[in-house]
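Working notes, beginning with the structure itself.
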Amino acid sequence: MDAGKLGFVPDSVIQELGWDEDVDEEFRSAIESHTGNAMVDGDVGEVVDGVILWWREEDGDLTDALVDALQDVDEGGFVWLLTPKVGRDGHVSGADIGEAAPIAGLSITTTSAVGPNWVATKLGTHKR
């Protein structure tokens, strides 16, 4: 897994939200190795360069989660929304992501497979 191809950059601080035992540990390690920093949790209380949000259909309202994910993101930062692939438990449809992202003030930039079970959708923030 090449975290650089997904837009992660060295020396950046990435916040991780929605972690559970089903996440892709290889992907997490690739991010930390590429950025040179351990990911921080939701209680960091400082500005971060980006967020990875692990999200499953049963986790609640996606729009609310995306708005909450933006709380600590620096201007020009990104949210990588990680959802289970089609056919996996907890799959979130592209239509749901396409509806929630703009309401939360985000634009969909790219979507990439991450490991055998997850898809990452990169969402960009708008300039404030």
With rounding to the nearest 0.5 Å, note down the distance linking [atom1] in [X] to [atom2] in [Y].
X: S12; Y: D74; atom1: OG; atom2: CG; result: 11.5 Å
X: Q15; Y: L53; atom1: CD; atom2: CG; result: 10.0 Å
X: H91; Y: N117; atom1: NE2; atom2: CG; result: 13.0 Å
X: S112; Y: K5; atom1: OG; atom2: NZ; result: 10.0 Å
X: T125; Y: L70; atom1: OG1; atom2: CG; result: 7.0 Å

Is there a side-chain contact between [X] and [Y] in this structure, where contact means two heavy atoms from C-beta onward sitting under 4.5 Å apart?
X: V48; Y: E46; value: no
X: D11; Y: T35; value: no
X: M39; Y: I52; value: yes
X: I108; Y: I97; value: yes
X: D72; Y: V47; value: no
X: L81; Y: V92; value: no

Can a donor-acceptor pair be found, under 3.5 Å and without considering hydrogens, that links the side chain of [X] to the backbone of [Y]?
X: T109; Y: K122; result: yes
X: K85; Y: V114; result: no
X: S29; Y: E25; result: yes
X: D41; Y: E16; result: no

Say whether [X] and [Y] are linked into one hydrophobic cluster, either directly or through other cluster members, by side-chain heavy-atom distances under 4.5 angstrom.
X: V23; Y: I14; result: yes
X: V13; Y: V9; result: no
X: V51; Y: V40; result: yes

_Below 30° counts as parallel, above 60° as perpendicular, anything between as tilted: where do the rings of F8 and W80 land?_
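Judged by the thresholds at 30° and 60°, the geometry between F8 and W80 is parallel.
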[X] to [Y] - nearest heavy-atom pair and separation:
X: G115; Y: D24; value: CA-OD2, 3.5 Å
X: A3; Y: H34; value: CB-CB, 3.8 Å
X: L17; Y: G42; value: CD2-CA, 3.6 Å
X: T63; Y: D61; value: N-OD1, 3.1 Å
X: F78; Y: V73; value: N-CG1, 4.1 Å
X: L6; Y: F27; value: CD1-CE1, 3.3 Å

*asked:* Under the criterion side-chain contact (heavy atoms from CB on, under 4.5 Å), I'd like the reasoning laid out for W118 against R88: C-alpha separation, chi angles, the key distance, then a yes or no.
replied: CA-CA 9 Å; W118 294 88; R88 303 289 198 277; over 6 Å; no
*Can you name the one residue among D22, T83, D20 that meets side-chain hydrogen bond (donor to acceptor under 3.5 Å, both in side chains) with R56?*
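That would be D22; it is the only one of D22, T83, D20 passing the side-chain hydrogen bond (donor to acceptor under 3.5 Å, both in side chains) with R56.
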